Amino acid sequence: MTIHEVLLSLDGVEATYNHAIRALSGVSLTVRTGEIVALLGANGAGKTTALKALSGLLPAERGQIAAGTIVYDGGDVTRRSPAELVRAGLVQVLEGRHCFRSLTVEDNLIVGGQVQGLGRAALRPELERIYTLFPRLRDRRKTAAGLTSGGEQQMTAIGRALMARPRLLVLDEPSMGLAPLVVEGIFTALKRLNREEGLSILVAEQNSTVALRHADRASVLETGRTVLDGPAADLRERDDIKAFYLGFGVGGPAAPAAA
Amino acid sequence: MEWQFFTEVLVGGLLSGVMYSLVAIGFVLIYKTSGVLNFAQGALLLFAALTFVSLTERGLPVWAAILLTLAAMTGIGAMIERAVLRPLVNQPPITLFMATLGVSYVVEGAAQLLWGTQVHGLDLGIDDLPLEIGGVLVSSFDLFAAAVAGAMVAALTLFFRYTRIGLGFRAVADDQLAALAVGLSLDRIWTAVWTAAGMVALVAGLLWGARLGVQFSLSLVVLKALPVLVLGGFDSIAGAIVGGLIVGAVEKLAEVYVGPFVGGGIEGWIAYVAALGFLLIRPSGLFGAKLVERV
Amino acid sequence: MPAVLSEPLFSPAAGAVSSALAVEALSLSFGGVTALSEVSFAVAPGEIRAVIGPNGAGKSSLLNVVSGLYRPDRGRVWLGGHSFASVPTDRLATLGVSRTFQNLALFKGLSVLDNVAAGLSHRLRAGVFAQVIGLPAARRERAEGYARAEELLAFLHLDGVRDRPAGTLPYGMQKRVELARALVARPRLLLLDEPMAGMTLTEKRDLSGHIRAARDDLGTTIVLIEHDVGVVMGLSDRIAVLDYGRLIADGTPDEIRNDPVVIDAYLGVAHDLEAGEGI
Amino acid sequence: MTDLALAKATASPARRFSPALPGIGLLLVVAYGILPLVANEYLFDAILTPFLALALAGLGLNILTGYAGQVSLGSSAFMAVGAYAAYNLALRLPGVPFMIDILLAGVVAAAVGLLFGLPSLRLRGFYLAVSTLAAQFFVQWVFNKVGWFSNNSPSGIVSVPTLSVVGITLDSSAGRYLFALTVVTAVTLAVWRLVESPTGRALVALRDHETAARVIGIPVLRVKLLAFAVSSFIIGVAGVLWAFAYLRTVEPAGFNLDRSFQILFIVIIGGLASLRGAFLGAALIVVFPLLLARLGEALLGGLFDSGVLEMSQRIVLGLLIVTFLITEPAGLTALLDRAWNRIAGRFRRTGLPITG
Amino acid sequence: DEQYFPLQSYRVGPYAAGGTGFFGGFIDYLTLVNNRDGGVNGVKLTWDECETQYEVERGVECYKRQKNRPGVAAWNPLSVGIAYAMIDDVGRDRVPLITVNHGRTDSTDGRVFKYVFPLLLNPYSESSGIVNYIGAREGGLETLKGKKIVVLYHGSPYGKETIPIYQLLAEKYGFSVEQVEVPHPGNEQQSQWLSIRRTKPDYVVLRGWGVMNPVALKTAQKVGFPADRIIGNVWSNSEEDVIPAGDAAKGYTAITTQASGAEYPVLQEITKTVYGAGKGNLDDKKRIGSVYHNLGIVNGILNVEAVRIAQEKFGKRTLTGDEVRWGFEHLRLDPKRVEALGAKGLFHSINVSVANHEGEGRVTFQQWDGAKWKVVSDWIAPDWALLRPIIERSSLAYAAEHGIQVRDPAAEEASN
Ligand SMILES: Nc1ncnc2c1ncn2[C@@H]1O[C@H](COP(=O)(O)OP(=O)(O)OP(=O)(O)O)[C@@H](O)[C@H]1O
Ligand SMILES: Nc1ncnc2c1ncn2[C@@H]1O[C@H](COP(=O)(O)OP(=O)(O)OP(=O)(O)O)[C@@H](O)[C@H]1O
Ligand SMILES: [Mg+2]
Ligand SMILES: [Mg+2]
C-alpha cells in the first residue's frame, strides 16, 4: 500500500444549519491518497455534517460553512459545484440511502456512471462489476429502487457511487441495514479496490468494530469537534481509548442536552 | 346529419385538444426534472408571443424575430436557473411551485413593461377557411396546429428515448440531493430544460396567439392545459397528447350534448371534473409514473 | 418469563389461538420475486422473537403483512386470537400492536414529545369539538397522554430534546423516538424493524436493555428484525431465519448459532458475532 | 409521505410556553383599544378589514395545507360559498340573528369542502392540487348560472344588507372592522385550540407520514376529511367577512383563481403550519403592494404612467416572493423567529453549540 | 379653484386595452379643457390615477384614498364590480358615480339611485337598440317575425345580464332567440359555433368581452358563418376586438354610443394641441380616435359639461360632489350643443333628468372594413317604453330592500 500526498484535508471546519444551529465547531481531518480513514463518533457528533460539508452538499441542506478550510486535490471545495467534485473523483454515498426511487436499480447505477460519459457498450462491464459485488442487485435490477428492501437500497447507493469510478469514496454509514456477510463483503471489496486501484476511502461508521478493522487511520468526533486522530491500530488495540470512545467517562454522548 | 354533426363536434374537439396539448408539453418538461408544476408556463408563453409579434411589428423579418425570441427564452431559462432554482435546490415541491408563481409575475410584468399592454394581431399566413372532408367540417388551421404538436411530441419522445438525459431528468425529479451526490449538473439540466420549455412556449404562443390575438389573456390558456396534465400524467409527453385529445373531445361533446340541459358554459369545469373522475381510477393519470413508496 | 418450547412444526389449531402472533403459510410475491413463501411460525406471549436473514429475504415484508400494509397472496395471520387473511391496518393499534419502521417514519414536523404522544392516538375518545372547547374529559385525556409520553422520553433518555422537531435530530436519536412512539401505547405485540441500525455500541446496549425491560415490565411480546447478530443472540428467546422468502430455521439462539444452513446463508464466519456480544 | 411533504422546520403544537403570549395580549389591546380611536376610514376599509378577512382565509387554508399537507388551489371557491350562503340566509331567514347566519354559512362551506375533499383520499401532490381547481371553476359557474343564489339580480352582483349584530347596526367602517376583528379573534382562538389538541397533532402526523399515522391508529380518512371541512368552514367565514364587512357586494368574479393563489401565497410566505404565519402573510400581501404603489408613485409618478409603475410593481412583488422563499422557505414566521433568536442570543451571550 | 377627478384606472392585466383607451381619452379631454380654456370657467381640472387592475378590492382601496382629496367632482371607474362596491359609499359621501355605457341597469332610475349615472346606455337599451338595428336592416321591425337570432354571451354576470330582455324582445317582435354561453375567458368556442352552424340563425349577437371577441370572429370564419351577420354589443366594438381576428372580422358590425375616427373637431384639436405639445396620454398615436379613446373623450365631455351646468347654478368655483350630481341630473346636450362642443357625429345627444339617469342615449352601428370602423346606420333610439317599466320594477324592489325613500322628480324640479 502506498500512501502519498494529502488528497483531502479539513482544517478547523465550523458549520451551521440555517445560520442558527451549530453542528460543527472545529473539525480537522486528512485523507491521503490510497488511505482508508474511519470517522467515528456518537449520534449527532457531526459526522454526516462533516461529510456533506466536504462534498459541497451542505448548501442543499441549508447549511453553511462558517469557518475553516476544506481542500480536495489541491483546490478549495467550496469553490466547486458538487458535480465538479464528482467529476474530480470525490463521490459520496449518502446517509439514508437516497436512491432514485422511481428509477430501476439498474437505472440508478447507470445514472451513477453518467459522469464517466460511457456509451452503452462500455457501461456493461461497469454494471457487471457492481453485480458481482452485489449479486442481489442483479436479481432486482428491473425493480424500482424505491420498492426494494432496505439492504438492497443500500447496495444500490454504494454501487451507484462506485459506478463513477471515484478516487476518493466517502461513505456515510455504509453498513447500516446490511447483513453481516454483505458488510464484510463490501469492506473486503473496498479494501481490494484500495489496494489495487489506489482508491482512497473516508468512511463514517457507527459499527466501529468493522470500520477499525479495515481502516488505516481513524478520527473521532464529539459534539462537532475532532477529539482524536490517529492510526486505527491504536484505537483497535488500546482499550482505554476504546472505552473513551464508547462513552465511558465522557458524560454519555447518548443523550446530550438540547438547545 | 345528426351523425355528421357528432363527428364534426368530435373532430373539432380532438383538434382543440391538440392545442391544449401544445401548452401541456411545456409543463411536462419542467415537471420531469423537478417534480414541480411550473405556473410560469403561461407567462413564458405570453412573453414569447409578445416578443415575437413586437419584433415583427418593428419590421424584423420572421426568421430574425424567431431567432431573437429564442435567444430571449434561453436567457430567461438561464436566469431562472441561476436566480431561483439553484438557491432553492432540495426544497419541497410546494416551495418551488410558489417560486414559479413569483417568476410568472416577473415574466408577465417584464413582457408588458417591454412591449406594452396592447392587443396585437398575429397572422401566421395560414388560411382558416372552412374545409369540408366527407361532409364534415375541419379547420385547416387546427390541422396545421395538430401537425406541429405531433412533430414536437415526436421530436421530444425521440430525444428522451435515444439520449440518456431522460434518466438524469427523472433522477433529479426524484431526489435532488442524491442527484447532486452522483454528480449530475443540475444547473445545466435545469437551464436546458427551461430553455426547452421556453421554446415550446414560443410554438404554443404563436399558434394560440394566431387564434386569440397576442395579449395578456394568452397566459390564461394554461388553465386549459391543467386537466390535460392530470389526465395524461404530469410527467408523460405522450400523456400530454392523449390527455389533450380526451379533454378536447369530452369538453366539446359535453358542451354540445349536456350543456343545453344545465344552461351551457360547462366547458370551463367539465374537463376538470372529468379528469378528477378519471384520477379516482388511476391516481397518476394515464401515463404518469406511479408513486413509488414503501416502508 | 415463559419458557417457550421448541415447536418446529407449526399447527395452527393448537398454536395460533394461544400465541401473541402466528402466521400460517404466508406467501407473497412481487412480479417475479418471492418475498415470502409458505412462512409459518408462532410467537408466544412475552417472547422476544428475532427474525434474521440476508438482505431481501422478506423480513420487512413479513412485518408489513402482519401490520396489514401488504396483503399476502396466501396464508393467514393470527393476532391475539383473531385470524385475518389481511390485517386491517386501521385496527392494528386497537388490537394492541405497535411497530417501528426500517426507514425512519417519524412525523418530522412534530416535536419529539408530540411524536411520542401521537402513539396514543387510537385511545382518544374525546371528539374534536370537545378538544377545542376543552371539556374536562378531553383535557384529562390530553394531559394523561403527555404525561405518558414524558415518562417514555425519560425512560429512553430523550427528555433533553423534548421540544425539538423530530426531523432535525441525528439519525440514531430519531430511531429512539420511533421506539418511544411505539412503546407509549403499551402494546401487547411490538414489531421492530432494525431498531438499532445506525447506533453506536453503547446505544445498542442501552436500547437492548430497554427492549428487554419493556418485555419484563409490560409483558410485551416482541418481534425484532436486526442485522447485528450479537444483539440478536443476546436479546432474543427464539430466532426465525428467513432466506429467499422461506423460513430456513427457527430455534433458540444456540441452535441458530450452530445451524450450518444459517451460517451458510447469513452468519458467515464466527467473528461477526463479536459486535454486540454479551449484551 | 406525500410527495409534497412539507416537513423541514415547521412549528410544533406542543410548545408549552410561548413568549408570544404577552405579545398577543398587547396586539389585542392595540386592535381593540387603540386602533378604533386613531384609525381613519381609509385604514379601516382599505387595509385593516381586508387584512382580517384574508388572514382568516389564510388561517383556514393553513389548516389544510400547512398542517394536513394537502395543497388546495380552490380556496376562493369556499369563500364564495360562505359569502353567498350568508347572503341567502340573511335574505331568506330574516328573523335569524346574523351570528347564526355566519355559523351556518361556515357549515355550508364546510359541507361543500367535504365534497371536494373526497378526492384527497386517493390523490396526492399536484394531482390533488390541480383537481381542487374543479371546485374553483365549478362553484364559480354555479353562482353565475343559478340566479337563485343572487336573488335573480340581473347582473349577478348582489349588494349585501347592512351588518347588524345583537341589534347594533354596524355600518361605519370602524364598526365593520370591530366585527371582523371579533370574528377573527374568536376563530383564531378556536383554531389555536385545535392545532394544539391531539387532533391538530393528527393532522401534522398525516402530513408527515401517512402510513405511520395509520399504523398508530389515527383514522386517516376521517382526519383528512376533517381537515377539509374545518378549513372550508373557516375560509367560508372569511368569505362572509369579505362580503359583509369589507366589500359589501358579492360577485362570482371576485372569488377567482387569483384570489385562491393569493391565499396560498399568504400561507406559504407567512409560514406553513403556523398561526402567526397567516397574519404575517396577509399583512405582507395586503400592505406591501400598497406601500410599493405609494412609493412608486411618490418617486417616479411624474416620469411614468401608472401602467409602467404597476408593471414594475408586479416585477418587484414577484422578485420579493422569490427572494423570500430563498432566504427562508419556512416563511416569515421562521424569519422572525430567527431574528428573535439572534437578538435574544445576544443577551444570553452565545448559547451555542447546540448539538444532539 | 380646482375640480378633482379621481381615476380608478386600469392599465395592466387582461383589460388593459379598454382601460388605457378610455382613461387616455378622458385625460386627453381634461387636458384639452385646461390648456384651451384654462379649465371650466377658470376652475382648473385635476386628476390622478390609481391602478385597480379591474379588481374590486383595489378599486375600493383607491376610493377610500382618493376621496380624501378635496374637490372631488365624480367617480368614473369603468368597472361594474367596482361600481357596485361604491354604491353605498357614494350615497353617503354624496358624490356622483358615473358608469358610462355599463353598470347597474336599474340605476337608470334616479329616483332610487340618486348618485349613480349609467350615462348614454345601459344593458337593456343596448339590447333593444341592437334589435331595432337588425329590424331596420331587414326592412322594418315587422320583418323580424320568424327570424332566428343567437345571442352568444360571455359566461359572467355581465354576459348574463341581458338574457331576460332578449327574451322579452323576442316575444314582442316574434323572432326566436337562442342564448348560448361561452365560458370565461372565451378562448375556446368550437362547440358553440358548431351548434350555431347547425342552427343556421339569421344573426348572431356577440355579447363578448376581451379575448372572447376575436376568437368568436375567427371561429365563425372557421365554420363559415358570415361576419356581416354578427352584431357586436358595446363591449365587443373596439379595434382591440377585431384586429387580432384579422380578415375574419371584415364585415362585422357593432353597436356604439360614439363613433370612432379622429376627424371630429374635438379630436382634431386634441391631436393638434395636446399631442402636438407632447402631452397626449396614449403611447401609441395610432390609437387616437379609436373606439375606447373616443368613449373616454365623450365621457370627458359629459363630465365637464355637468360641472359647467352645475357652475351656472352654484357659482364658478370648486363644487361639492352633490352640486356636480345636480349638474349631471340636468345634463342636457342637444345636437346643437354637441356640435358646438366639436363633437357632431361623435355622439348624438343626451338628456338626463332626475328620473332618467341614462339620458335617452342614441346609438349607432359601425362596420369593420378590415382597417377601420365605418358608421353604417343612423342614430337609433332604443325602445324606451318597453324598458322603463322593467327598470322601475327592479329599482323599486331595491329601494324597498334597502329602505330608500323614492324621490319625487316633480317636487325636486319645483324646489330647484
Ligand atoms: N437539516 C438539519 N437541520 C438542523 N439541524 C441539523 C440538520 N441536520 C443535522 N442537524 C444537527 O446537526 C448535528 C450533527 O448531526 P449529524 O447528522 O451530522 O450527526 P451524525 O454524527 O451524523 O449522527 P448520526 O450518527 O446519528 O448519523 C445534530 O445536532 C443534528 O441535530
Ligand atoms: N412493494 C414491493 N414491490 C416490489 N418488490 C418488493 C416490494 N416489497 C418488497 N419487495 C421485494 O421483496 C423482497 C423482500 O423484501 P423485504 O423488504 O421484505 O426484505 P428484508 O428481508 O427486509 O431485507 P433487508 O434486510 O434488506 O431490509 C426484496 O427482494 C424486495 O425487493
Ligand atoms: Mg449521520
Ligand atoms: Mg427490511
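Worth saying up front: this structure is predicted, and the values here are computed from it rather than measured. In what follows, chains carry the letters A, B, and so on, assigned in the order in which the sequence lines appear, proteins first and then strands, with residues in each chain numbered from 1.
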- prompt: Do Val130(D) and Tyr272(B) come close enough that some side-chain heavy atom pair is under 4.5 Å?
  reply: yes
field: Exercise: identify the closest heavy-atom pair between Phe126(D) and Val36(B)
entry: CE1-CA, 3.9 Å
- line: To the nearest 0.5 Å, atom CD1 of Ile315(D) lies from atom CG of Leu113(B) at 5.0 Å
- prompt: Under a 4.5 Å heavy-atom cut-off, does chain D meet the side chain of Leu223(B), its backbone, both or neither?
  reply: side chain
message: Return the CE to CG distance between Met98(B) and Leu264(D), rounded to the nearest 0.5 Å.
response: 3.5 Å
- prompt: Rounded to the nearest 0.5 Å, how far does CG of Leu280(B) lie from CG of Leu118(D)?
  reply: 9.0 Å
query: In terms of heavy-atom proximity below 4.5 Å to chain B, should Ile321(D) be classed as side chain, backbone, both, or neither?
result: side chain
statement: One should read off an interatomic distance between Leu73(D) CG and Leu37(B) CG, to the nearest 0.5 angstrom, of 8.0 Å
message: So for Ile326(D), is it side chain, backbone, both, or neither that comes closer than 4.5 Å to the heavy atoms of chain B?
response: both
- request: Taking Arg314(D) for its side chain and Gly109(B) for its backbone only, find out whether a donor-acceptor pair lies under 3.5 Å.
  value: no
statement: Applying a strict 4.5 Å limit to non-hydrogen atoms, the region of Thr95(B) in contact with chain D is both
Which atom of Leu325(D) lies closest to which atom of Ala99(B), heavy atoms considered: CD1-N, 3.3 Å
Atom CZ of Arg82(B): over 12 foreign heavy atoms under 6.0 Å: no
query: Tell me, side chain or backbone of Val262(B) under 4.5 Å from chain D's heavy atoms, or both, or neither?
result: both
field: Leu121(D), part contacting chain B, at a heavy-atom distance under 4.5 Å
entry: neither
task: Specify the closest pair of heavy atoms between Val230(B) and Tyr127(D), including all atoms of both residues, with the distance to one decimal.
output: O-CE2, 3.7 Å
statement: Interface check, chain D: of Ile266(B), Ile270(B), Val273(B), most non-hydrogen pairs under 4.5 Å belong to Ile266(B)
statement: Whatever's closer than 4.5 Å to a heavy atom in chain B on Phe324(D) counts as neither
- prompt: Do you know which two heavy atoms are closest between Thr117(B) and Met311(D), and how far apart they sit?
  reply: CG2-CE, 3.5 Å
Under 4.5 Å from a heavy atom of chain D, the part of Ala275(B) involved: neither
- prompt: According to the interplanar angle, ranging from 0 to 90°, do the rings of Phe39(B) and Phe261(D) count as parallel (below 30°), tilted (30 to 60°) or perpendicular (above 60°)?
  reply: perpendicular
message: Need one label for Ser284(B): side chain, backbone, both or neither, based on atoms under 4.5 Å from any heavy atom in chain D.
response: both
- request: Check Val322(D) against Ala83(B) and note the closest heavy-atom contact, atom names and distance.
  value: CG1-O, 4.3 Å
query: Aromatic ring centroids of Phe138(D) and Trp269(B) under 6.0 Å?
result: yes
statement: Whatever's closer than 4.5 Å to a heavy atom in chain D on Ile281(B) counts as backbone
query: So which heavy atom on Ser131(D) is nearest to which on Leu276(B), and how close?
result: CB-CD1, 3.0 Å
